[in-house]
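Reading through the structure tokens given below for one structure.
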Amino acid sequence: MIFMQQSSPRPRRLRAALIGFGLDNGDDHQRLTRGDQTLIFGGSAETHAELRETALKMEQELDRRGRHLGDLDPLELAELATMIDSPELHEIALRLKVGLEQQGRAFEDLTAEELTALSAPSF
């Protein structure tokens, strides 16, 4: 998940995007799907279709709620991930939640770069 910060003197509002990478492409087709809040690159036809389905479910649920991805705190994101059956997104949300708790900081107080770093898996 990538968070992008808008530059303006107004109060900070994050714009978030879910970016999916399919790494199992063996047929030399270049696949790209863009949504309002998602971007999906590559993958086999099957993997790309699965990523696209998850992204579509997420965007539909966000539209139904009248929300944007950047409006959700980590617990709301985890709930959304459960609703759309995305264990990977659920895991990202939980990493964000734990990272925020460990740092004793609020979601709104972190920069886009800090949120992106917290959402990355630790190896």
Side-chain angles (χ1 to χ4, degrees):
M1 178 177 298
I2 302 294
F3 295 92
M4 298 170 280
Q5 200 166 6
Q6 294 177 340
S7 59
S8 73
R10 295 182 305 207
R12 182 176 83 110
R13 172 156 184 213
L14 288 179
R15 200 175 118 213
L18 179 69
I19 300 177
F21 293 98
L23 303 175
D24 64 344
N25 185 4
D27 61 9
D28 293 329
H29 281 93
Q30 296 180 2
R31 296 175 177 88
L32 173 68
T33 300
R34 291 176 32 176
D36 291 338
Q37 301 180 67
T38 58
L39 184 59
I40 301 167
F41 294 105
S44 66
E46 181 180 336
T47 298
H48 194 88
E50 288 174 15
L51 289 168
R52 189 175 56 237
E53 181 180 342
T54 298
L56 180 61
K57 286 179 185 177
M58 183 192 75
E59 289 198 6
Q60 287 174 336
E61 182 60 27
L62 287 169
D63 285 347
R64 188 185 71 73
R65 295 179 183 195
R67 309 275 307 270
H68 295 280
L69 192 56
D71 296 336
L72 304 180
D73 67 34
L75 288 177
E76 291 172 312
L77 181 60
E79 175 193 324
L80 174 71
T82 299
M83 288 183 72
I84 65 170
D85 192 27
S86 176
E88 297 86 358
L89 185 57
H90 189 265
E91 201 173 299
I92 290 169
L94 294 181
R95 282 196 300 266
L96 283 170
K97 180 182 176 298
V98 168
L100 290 169
E101 289 171 353
Q102 287 175 343
Q103 292 185 11
R105 297 178 72 190
F107 179 77
E108 303 82 29
D109 296 335
L110 270 67
T111 66
E113 292 80 12
E114 290 170 317
L115 288 168
T116 299
L118 284 179
S119 69
S122 57
F123 295 101

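Predicted model, so just to flag it, every value in this text is computed and none were measured.
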Verdict with reasoning, Leu69 to Leu77, per side-chain contact (heavy atoms from CB on, under 4.5 Å): CA-CA 8 Å; Leu69 192 56; Leu77 181 60; 3.8 Å; yes
CD1/Ile92 to CG/Leu115 distance, rounded to the nearest 0.5 angstrom? 12.5 Å
Shortest non-hydrogen contact from Asp71 to Glu76? O-OE1, 3.8 Å
CZ/Arg67 to CG/Leu72 distance, rounded to the nearest 0.5 angstrom? 5.0 Å
Any chance you could lay out the side-chain contact (heavy atoms from CB on, under 4.5 Å) test for Leu39 and Leu32, step after step, and finish with the verdict? CA-CA 7 Å; Leu39 184 59; Leu32 173 68; 3.6 Å; yes
Compile the donor-acceptor pairs under 3.5 Å between side chains in residues 56-63 and protein atoms, sequence neighbours left out, one pair per line.
from  : atom 1 : to    : atom 2 : distance (Å)
Lys57 : NZ     : Glu53 : OE2    : 3.4
Glu59 : OE1    : Asp36 : N      : 3.2
Glu59 : OE2    : Asp36 : N      : 3.1
Glu59 : OE2    : Gln37 : N      : 2.7
Glu59 : OE2    : Thr38 : N      : 3.1
Glu59 : OE2    : Thr38 : OG1    : 2.9
Glu61 : OE1    : Arg64 : NE     : 3.1
Glu61 : OE2    : Arg64 : NE     : 3.3
Glu61 : OE2    : Arg64 : NH2    : 2.6
Glu61 : OE2    : Arg65 : NE     : 2.9

If hydrophobic residues (ILVMFWY) are linked whenever their side-chain heavy atoms come closer than 4.5 Å, directly or via other members, who joins Met83 in its cluster? none
In short, ring pair (Phe, Tyr, Trp, His ring centres under 6.0 Å) pairs touching residues 70-98 with sequence neighbours left out are none
Find the distance between CG (Asp85) and OG1 (Thr82) and round it off to the nearest 0.5 Å. 8.5 Å
Do you know the tightest heavy-atom contact between Ser44 and Asp24? N-OD1, 2.8 Å
What one should report as the nearest heavy-atom pair of Gly70 and Phe107 is O-CE2, 3.9 Å
Under the criterion side-chain contact (heavy atoms from CB on, under 4.5 Å), I'd like the reasoning laid out for Leu89 against Thr54: C-alpha separation, chi angles, the key distance, then a yes or no. CA-CA 10 Å; Leu89 185 57; Thr54 298; 5.8 Å; no
Connected hydrophobic set around Leu51, excluding itself, where side chains approach under 4.5 Å: Ile40
List the atom of Ala78, the atom of Ala93, and the distance in Å for their closest heavy-atom pair. N-CB, 3.4 Å
Output the distance between atom CD (Glu114) and atom CG (Leu96), rounded to the nearest 0.5 Å. 12.0 Å
For residues 91-103, the salt bridge (Lys or Arg N to Asp or Glu O under 4.0 Å) pairs (sequence neighbours left out) are Glu91-Arg95, Lys97-Glu101
Which atom names give the shortest non-hydrogen contact between Ser119 and Thr116, and what distance separates them? OG-O, 2.8 Å
Ring pair (Phe, Tyr, Trp, His ring centres under 6.0 Å): which pairs involve residues 24-55, sequence neighbours left out? Phe21-Phe41
Side-chain heavy atoms under 4.5 angstrom apart, residues restricted to Ile, Leu, Val, Met, Phe, Trp, Tyr: same cluster for Leu94 and Ile84? no
